[in-house]
Amino acid sequence: MSEIVTRFAPSPTGRLHVGGARTAIFNWLLARQNGGRFILRIEDTDRQRSTDENTRGILASMSWLGLDWDGEPIYQSKRFDLYNAYIDKLLETGHAYYCTCTPEDVEAMREEARAKGLKPKYSGRCREKDLGPVPGAVVRLKAPISGTTVVDDMVKGPVSVENAEMDDMILRRADGTPTYNLAVVVDDSEMGVTHVIRGDDHLNNTPRQIIIYKALGLPVPRFGHVPMILGPDKKKLSKRHGATSVMEYEKDGFLPEAMVNYLVRLGWSSGDQEIFSKDELVKAFSTDNLGSSAAVFDKDKLLWLNAHYIKEAAPGRLAELTAPFLAGLGLEDVDAAYLAKAIPLLQPRANTLAEMAEKAFCFAVADEALAYDEKAVEKFLTPEARELLAALRADLAGLDGFTHDGLEKTIQEFLAAREIKFKILAQPIRVAITGGTASPGLYETMEVMGRDRVLARLDRALTL
RNA sequence: GUCCCCAUCGUCUAGCCUGGUCCAGGACAUCGGCCUUUCACGCCGGUAACAGGGGUUCAAAUCCCCUUGGGGACGCCA
């Protein structure tokens with residue numbers, strides 16, 4: 001069996017969109033699962049809208065997601081000679097012709113067709129004129145005018161379109177540059193691409209591309225068109241729905257493994273399984289169970305997956321990933337080891353790295369800078385509570401070691417001696433050392449903070 | 001307008017190809033309860049769907065047709 005070659009071909013006119021990321025993942029999965037190759041091709045033939053910054057951003061997002069590609073990325077902007085050679089070949093074999101109709105002429109033809117209730121298209125006026133390479137002329141494909149073209153789609157099944165529906169598309173513009181459909185066919189063929197998984201929105205021009213393959217006498221790859229991702233209003237996902245680029249999710253504190261897991265499950269499934277590691281995906285993936293209906297992007301489920309992966313991640317890694325978010329909150333150079341100790345307490349409580357940083361803030365902030373919630377102080381640091389805290393402070397200061405068990409024993413004895421319940425003491429302590437009413441368990445929090453911090457904060461709280 | 005695609009809980013989906021095991025299963029969200037030093041985690045339970053109409057068949061979520069609804073494409077953009 002021949003090698004499977006897939007590709008992802010973004011155009012650098014913006015950031016990597018979650019929809020694009022999803023098709024990239026599917027292609028990557030198909031290649032990796034079969035020991036094939038996964039190639040990255042940058043479709044930057046539109047020099048107006050393509051930027052290097054976008055290209056770098058897309059590559060960065062791919063890397064962030066863990067989608068490695070084989071070989072160097074291919075840039076279409078550097079292959080114009082190749083495309084033109086193919087166009088010339090088409091011209092020579094009579095599969096293409098020069099056309100001198102202006103954009104205005106063509107627009108008029110479209111209007112006319114529309115008026116008749118037909119599909120707007122080019123009339124084929126220059127098709128039989130046998131024009132030569134006139135300056136300013138475009139090259140059009142001499143497409144078949146009868147018959148049917150069938151796409152044997154991996155996800156939609158056979159899709160057939162009447163050739164009469166398609167017009168003679170432009171292959172080479174007046175300025176000599178090749179158009180998208182031509183370039184894609186040439187590249188996919190040159191690169192040996194065997195399987196193309198792409199968005200639903202391309203389904204319409206797949207028959208066009210097949211016609212070009214046939215005119216060129218080239219083998220046609222297998223196509224699979226996955227449905228698009230919709231916003232909550234069931235419209236194509238766009239900026240107005242909120243974050244749409246992979247980069248934004250990275251900035252919002254999502255983990256790449258959560259992103260990949262979520263995106264794959266959106267439109268693909270394997271029984272009832274929800275959680276998939278990369279390895280499991282590579283093993284389980286199959287184009288057979290790609291869904292064929294559009295899916296709404298559900299941020300709540302992404303959040304749930306993110307929370308899941310945060311719970312599973314190694315504290316050291318999380319500490320590293322959280323540091324930039326803490327810096328964003330104004331805390332630079334937080335001690336990594338200390339942060340790593342606090343993180344396990346926060347893992348079940350944070351849905352994103354941003355939340356992780358917010359919750360780690362009271363651990364990392366300097367004692368004198370700890371902010372106290374006014375209402376909490378008023379409610380829990382009552383005169384009676386202060387008396388207890390002052391007494392407890394003495395016990396804690398003399399405590400041998402400052403561990404969870406030691407702290408629990410000391411505090412329980414403290415309570416027993418006074419015949420009071422932990423409930424009475426817990427919130428005052430919490431407010432005193434964290435500044436607020438919600439935090440991880442007190443014993444573990446105190447152990448992580450350490451004696452100096454706890455005592456300093458207790459002292460500070462008593463002065464409030 | 002024309003063409004193409006799609007249609008199971010609010011959302012993602014399993015089941016559909018190879019009709020009966022489905023008064024439709026799982027997950028997120030939601031609601032209730034348990035756990036509990038707060039907040040979470042976790043655990044237990046509940047509400048909730050085969051778009052509608054015709055066929056075919058002993059039997060249809062599953063096959064066929066129509067309607068409706070949604071999406072996409074109709075560029076010298078990709």
Side-chain angles (χ1 to χ4, degrees), chain A residues 9-13 43-46 48-50 76 99 101-103 106-107 110 113-122 136 138-140 151 153 155-157 159-162 164-167 169-181 183-184 199-207 225 227-228 230 232 234-236 262 265-275 288-289 291-305 307 311 345-351 359 376 380 411 421-427 429-431 434 436-443:
Chain A
S11 78
T13 54
E43 310 214 320
D44 53 353
T45 53
D46 183 347
Q48 249 64 46
R49 299 192 301 148
S50 302
Q76 289 193 320
C99 166
C101 297
T102 65
V106 178
E107 187 43 47
R110 292 204 183 96
R114 248 189 289 265
K116 287 183 191 158
L118 299 171
K119 190 166 185 155
K121 50 187 258 191
Y122 172 67
V138 300
V139 175
R140 286 183 182 275
V151 184
D153 198 87
V155 343
K156 309 272 188 194
V159 176
S160 61
V161 177
E162 292 302 315
E165 285 296 324
M166 298 181 273
D167 59 2
M169 74 193 107
I170 292 178
L171 302 175
R172 181 192 289 160
R173 301 184 186 101
D175 66 2
T177 59
T179 55
Y180 167 76
N181 281 118
V184 167
D200 223 346
D201 47 341
H202 285 281
L203 186 53
N204 285 281
N205 51 48
T206 297
H225 290 90
M228 339 209 37
L230 274 26
K234 307 252 185 186
K235 300 271 183 214
K236 191 173 177 176
Y262 177 70
R265 267 295 278 110
L266 195 58
W268 177 85
S269 61
S270 181
D272 288 339
Q273 191 171 346
E274 296 286 347
I275 307 290
D288 290 344
N289 34 32
S292 52
S293 55
V296 173
F297 191 90
D298 180 12
K299 196 166 174 187
D300 281 336
K301 192 152 186 179
L302 206 211
L303 231 22
W304 171 75
L305 273 165
K311 287 184 198 90
L345 311 190
L346 273 19
Q347 281 175 287
R349 297 174 166 81
N351 294 318
K359 294 179 195 300
F380 294 107
I411 291 179
K421 293 201 165 164
F422 191 25
K423 253 187 160 56
I424 295 177
L425 191 56
Q427 285 305 70
I429 296 178
R430 177 165 284 115
V431 172
T434 70
T437 55
S439 84
L442 284 176
Y443 303 132

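Computed from heavy atoms alone, side chains included, the values below leave out hydrogens, waters and symmetry copies. Sequence lines set the chain letters: A, B, ... in the order given, protein chains first and strands last, and positions in each chain run from 1.
With both ends at atom P, the span from B:rC64 to B:rU18 equals 10 Å, rounded to whole Å. When the C1' atom is used for both B:rA7 and B:rC12, the distance is 15 Å, rounded to whole Å. Between B:rC5 and B:rA49, the two C1' atoms lie 23 Å apart (nearest whole Å). Across B:rU11 and B:rA29, the matching C1' atoms stand 8 Å from one another, rounded to whole Å. Using atom P as the reference point in both B:rA51 and B:rC17, the two lie 16 Å apart (nearest Å). Taking atom P on both nucleotides, B:rC31 is separated from B:rU36 by 23 Å, rounded to a whole Å. Across B:rC44 and B:rG19, the matching P atoms stand 36 Å from one another, rounded to whole Å. The gap from the C1' atom of B:rG70 to that of B:rG54 amounts to 22 Å, rounded to the nearest Å.
Looking only at distances, a side-chain donor or acceptor of A:D153 sits under 3.5 Å from a matching main-chain atom of A:H225. A:Y262 contributes no side-chain N or O that, together with a main-chain N or O of A:L303, makes up a donor-acceptor pair within less than 3.5 Å. Using modelled atom types, no side-chain atom of A:N351 and backbone atom of A:W304 make a donor-acceptor pair closer than 3.5 Å. Proximity of a side-chain donor or acceptor of A:K119 to a complementary backbone N or O of A:A164 within less than 3.5 Å is not detected.
Looking at heavy-atom distances under 4.0 Å, A:L203 makes contact with sugar-phosphate atoms alone, never a base. As judged by a 4.0 angstrom heavy-atom cut-off over every strand, A:V138 is placed among the base-contacting residues. Contact annotation for A:G267: backbone-only contact, meaning every heavy-atom pair under 4.0 Å involves sugar-phosphate atoms and none involves a base. Residue contacts for A:S293: at a heavy-atom cut-off of 4.0 Å it reaches the sugar-phosphate backbone alone, with no base atom in range. As judged by a 4.0 angstrom heavy-atom cut-off over every strand, A:K116 is placed among residues making no nucleic acid contact. A:S292 comes within 4.0 angstrom of the backbone, heavy atoms only, and of no base. Contact annotation for A:T45: backbone-only contact, meaning every heavy-atom pair under 4.0 Å involves sugar-phosphate atoms and none involves a base. When heavy atoms are screened at a 4.0 angstrom cut-off, A:D175 is found touching no nucleic acid atom at all. The residue A:A174 sits close to a base: some heavy atom pair falls under 4.0 Å. Residue A:H202 is in base contact, counting any heavy-atom pair closer than 4.0 Å across all strands shown. Across all strands, A:R430 comes closer than 4.0 Å to base atoms (heavy-atom distances). Residue contacts for A:R110: at a heavy-atom cut-off of 4.0 Å it reaches the sugar-phosphate backbone alone, with no base atom in range. The residue A:E274 sits close to a base: some heavy atom pair falls under 4.0 Å. If you check every strand for non-hydrogen atoms under 4.0 Å, A:K311 touches sugar and phosphate atoms only.
Checking B:rG69 for Watson-Crick or G-U wobble geometry (two distances, each under 3.5 Å) identifies B:rC6 as its partner. A 3.5 Å limit on both hydrogen-bonding distances identifies B:rC34 as the Watson-Crick or G-U partner of B:rG42. Nucleotide B:rC17 has no partner under the Watson-Crick or G-U criteria, as no pair reaches both atom distances under 3.5 Å. With both pairing distances under 3.5 Å, B:rA29 is matched to nothing as a Watson-Crick or G-U wobble pair. If you check B:rC74 for Watson-Crick or wobble pairing at under 3.5 angstrom, you find it paired to B:rG1.
Scored by the salt bridge (charged side-chain N to carboxylate O under 4.0 Å, His left out) test, A:R430 finds no partners at all (sequence neighbours excluded).
A:T179 and A:N181 share no side-chain donor-acceptor pair at under 3.5 Å.
Here A:M166 contributes atom CE and A:N205 contributes atom CG; the two are 10.5 Å apart, rounded to the nearest 0.5 Å.
Position along RNA chain B of the nearest nucleotide to A:L266 versus A:K359 favours A:L266 as the more 5'-ward residue. Between A:A438 and A:V106, it is A:A438 whose nearest contact on RNA chain B lies nearer the 5' terminus.
The footprint of chain A on RNA chain B, defined by a heavy-atom cutoff below 4.0 Å, extends from B:rG1 to B:rA78.
Counting heavy atoms from C-beta outward, A:L345 and A:K359 have side chains that stay 4.5 Å or more apart.
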Is there a side chain to side chain contact (heavy atoms under 4.5 Å, CB included) between A:S11 and A:Y180? Walk through the geometry before answering.
CA-CA 10 Å; A:S11 78; A:Y180 167 76; over 6 Å; no

